[in-house]
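Shown next, in structure tokens, is the structure this report addresses.
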Amino acid sequence: MSNHDLTCKHKMARQNGIVQPLLTDLYQITMAYAYWKSGKVNDVAVFDLFFRNNPFQGEFTIFAGLEECLKFLQNFHYSDSDIEYLMQTLPGNIEPEFFAYLKDLTCKDIKLSAIEEGSVVFPRVPLLRVEGPLIIAQLLETTLLTLVNFASLMATNAARYRMVAGKNVSLLEFGLRRAQGPDGGLSASKYAYIGGFDGTSNVLAGKMFNIPVKGTHAHSFVTSFSTLDDIHSVILRHAETQEPCNLLDLATEWRNRVSSVIDISPEEASDGELAALISYAIAFPTGFLALVDTSGLLNFCAVALALNDCGYRAVGIRIDSGDLAYLSVLARETFEQIAEAFKLPWFSKLTIVASNDINEDTILSLNEQGHKIDCFGIGTHLVTCQRQPALGCVYKLVEINGQPRIKLSQDVGKVTIPGHKEAYRLFGADGHALIDLLQRSSEPAPGVGQKVLCRHPFQESKRAYVIPSKVEHLYKVYWKDGRVCIQPKPLLEVRERVQSSLRTLRQDIKRNLNPTPYKVAVSDDLYNFIHDLWLQNAPIGELS
Ligand SMILES: Nc1ncnc2c1ncn2[C@@H]1O[C@H](COP(=O)(O)OP(=O)(O)OP(=O)(O)O)[C@@H](O)[C@H]1O
Ligand SMILES: O=P(O)(O)OC[C@H]1O[C@H](OP(=O)(O)OP(=O)(O)O)[C@H](O)[C@@H]1O
Ligand SMILES: O=C(O)c1cccnc1
Ligand SMILES: [Mg+2]
């Protein structure tokens, strides 16, 4: 199959058949009925989907999940069995006409504007703006949130791992077994790739999303062999001459020769392990990447050198326990000694994969210690987002029938920014993003080279003038008149977008410890609009 076919297939692939209109909270449907009963069928609403705090004690987030949101809008339709289920489940007094109304509901009158998937995004700047009939816009809330929240959290987590690992180390996602269920696992694989991982062990994710699938083998493969007699066949044909080679004889001989070079006695090496590695090498002579726990280095080198006699180059090892810094350095030194002793320069470059409960802090610590790892295999901490298991995206009504709405709260951070708004990213002369600016949609866009007053949305004294060298309007219309207006990009392009978008952020905003917050501001006009509305809506108390 050509790459082109695969790309087309990717576009068709649906994340998951469970993403459908009933994948929502009951209250969306009960509200829909109450709206319908209250004559709000023709009301027109604007909702903003945004988060209030960046995850992982960081100062940036990667926006992901848009493609799945578009597929959801495209397929939004209550089936006969959905309607039947709702009829049985909702209270008996619900009028049958409501079900007839639901039956015909689609997203044809919805307009969805969004930031490009894979962009860095910041608190309070809406990621999605949903406009259209109140009832349908309301019905989308929970599903859009579930599609954006985990996707963005995962992509952000993965991007953070990529940042600490650096660009020269490969990152593999090994998390399916530990993920929050099958759907969590599938989403984790997809968004880890977007965030900067190079591959996954999850085969279905590979098939559905065209992500490279990679892997080694488990401990059980080694422990299933006890003695050299467990080897089924010792013969491997030479890669070029096709001559039969006895891999056991070759490996045993090499084990003796190597042991004197690297100072590990053959008695310390297990025969069961040697049997396992020979068997694995015979099965995968071109892809010999073996799990060598602490003791297996000698056996691995012996089999790799035997494979070399048969015309094949081993790939490398995986270390899955012990001190990963120390063991990777030891392994690299061993490979270098062998490369030197047997005049096989490529041997010094064998791949060293490390796994075992790795997280951002482990990688930072390994970097400090100095290590020789080429690839990290990361599962649990990555896919469960153990450090912060949820991103708090919310979906708030900001306008109804052209009238702005504000949600007040004792907690100023939770007050919503009302009205139909646009978001702009203003860049400085050095190419870095300076600030995100929210404006009322009726205002003219900020211009390059023109001074614009940027205000903190809630703190009157915090303001700054900015003269942008570049202005990026953050929203594009992705869905309108019942169709997708901008085709989602293939995963690989979204993955590239993540890295190019991150490059526009100053280093201090991305650093791991105490990063500098990126500024999100409102225009002077929007500031006054928010605060006038706030006063209008806040009841005046009475002292007695
Ligand atoms: N040099 C290192 N610096 C910091 N952390 C490390 C280093 N080497 C390993 N780690 C981490 O320390 C932890 C070691 O965990 P643990 O003690 O459970 O594993 P182990 O005993 O080596 O292996 P096993 O899984 O076989 O029990 C892992 O989270 C691993 O990622
Ligand atoms: O450690 P994670 O980041 O989740 O990465 C995936 C882990 O899954 C595998 O083994 P598993 O943990 O199932 O068994 P083990 O701990 O005995 O190796 C693998 O050996 C890794 O250790
Ligand atoms: O291929 C591997 O090495 C792998 C896959 C899943 C989990 N742990 C390791
Ligand atoms: Mg483990």
Side-chain angles (χ1 to χ4, degrees), residues 56 153-154 157-162 164-165 169-182 184-193 195-207 209 211-225 270 272-273 276-277 279-281 283-284 286-297 300 303-304 314-325 327-328 331 350-367 371 373-389:
F56 312 118
L153 186 74
M154 254 315 300
N157 202 18
R160 296 179 63 88
Y161 277 81
R162 169 51 71 203
V164 293
V169 170
S170 351
L171 294 175
L172 300 181
E173 179 269 312
F174 281 174
L176 180 59
R177 66 193 56 202
R178 301 280 154 58
Q180 264 79 351
L186 202 54
S187 300
S189 303
K190 177 175 178 182
Y191 296 108
Y193 184 63
F197 272 58
D198 299 292
T200 177
S201 61
N202 181 343
V203 185
L204 183 59
K207 181 183 176 205
F209 308 123
I211 301 174
V213 283
K214 300 264 164 69
T216 67
H217 65 77
H219 291 100
S220 49
F221 188 80
V222 178
T223 48
S224 75
F225 291 80
S270 137
E273 183 184 62
L277 298 190
S279 304
Y280 199 67
F284 296 104
T286 56
F288 182 55
L289 207 175
L291 172 59
V292 297
D293 261 343
T294 338
S295 61
L297 212 46
F300 169 79
V303 177
V315 176
I317 59 168
R318 173 162 74 100
I319 311 170
D320 188 54
S321 64
D323 185 318
L324 300 174
L327 289 172
S328 67
L350 285 171
T351 298
I352 301 176
V353 182
S355 55
N356 184 23
D357 237 355
I358 289 169
N359 60 26
E360 255 187 277
D361 288 341
T362 327
I363 299 176
L364 284 169
S365 168
L366 290 170
N367 289 347
H371 66 79
I373 297 164
D374 304 294
C375 171
F376 289 105
I378 309 179
T380 313
H381 285 274
L382 172 69
V383 306
T384 65
C385 298
Q386 196 151 336
R387 188 168 168 200
Q388 180 174 327

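Numbering of ligands and ligand atoms starts at 1, following listing order. Count residues from 1 along the sequence. Keep in mind that this is a model prediction, so the values were computed, not measured.
Looking only at atom types and distance, the side chain of Asp320 has a donor-acceptor partner in the side chain of Ser355 under 3.5 Å away.
Ligand-side atoms of ligand 2 in range of Arg178: 4 (O), 11 (P), 12 (O), 13 (O), range being under 4.0 angstrom from any heavy atom. The contact set between ligand 2 and His219, taken as ligand atoms under 4.0 Å from a residue heavy atom, comprises 18 (O). Which parts of ligand 2 touch Asp320 is read off a 4.0 Å heavy-atom cut-off, strictly below it: atoms 18 (O), 19 (C), 20 (O), 21 (C), 22 (O). Close contacts of ligand 2 with Thr380, meaning ligand atoms under 4.0 Å from a residue heavy atom, involve 2 (P), 3 (O), 4 (O). Remark: ligand 2 atoms within the under-4.0 Å shell around heavy atoms of Asp357 are 1 (O), 2 (P), 3 (O).
Residues with a heavy atom under 4.0 Å from ligand 3: Phe174, Arg177, Ser201, Gly215, Thr216, Arg318.
Look at Arg318 and you'll find a heavy atom under 4.0 Å from some atom of ligand 2.
Side-chain contact between Val169 and Ile363: absent, with no pair of heavy atoms (C-beta onward) separated by less than 4.5 Å.
Between Phe209 and Tyr193, the ring centre distance reaches or exceeds 6.0 Å. Between Phe284 and His217, the gap from one ring centroid to the other reaches at least 6.0 Å.
Heavy atoms only, all atoms of each residue included: Ile373 and Ala354 are closest at CD1-CB, 3.6 Å. Heavy atoms only, all atoms of each residue included: Leu171 and Ala165 are closest at CD2-CB, 3.9 Å. Across all non-hydrogen atoms, the minimal contact from Ile211 to Ser189 is CD1-O, 3.7 Å.
Residue Ser355 has no nitrogen or oxygen atom sitting less than 3.5 Å from a nitrogen or oxygen atom of ligand 2, judged on distance alone. Between His381 and ligand 2, not a single N/O pair is under 3.5 Å apart. Checked by distance only, ligand 2 and Phe174 stay at 3.5 Å or farther apart across all their nitrogen or oxygen atoms.
Side chain of Tyr280 to backbone of Thr216: a donor-acceptor contact under 3.5 angstrom is found.
For the atom pair Phe197 CZ and Leu172 CG, the distance stands at 8.0 Å (nearest 0.5 Å).
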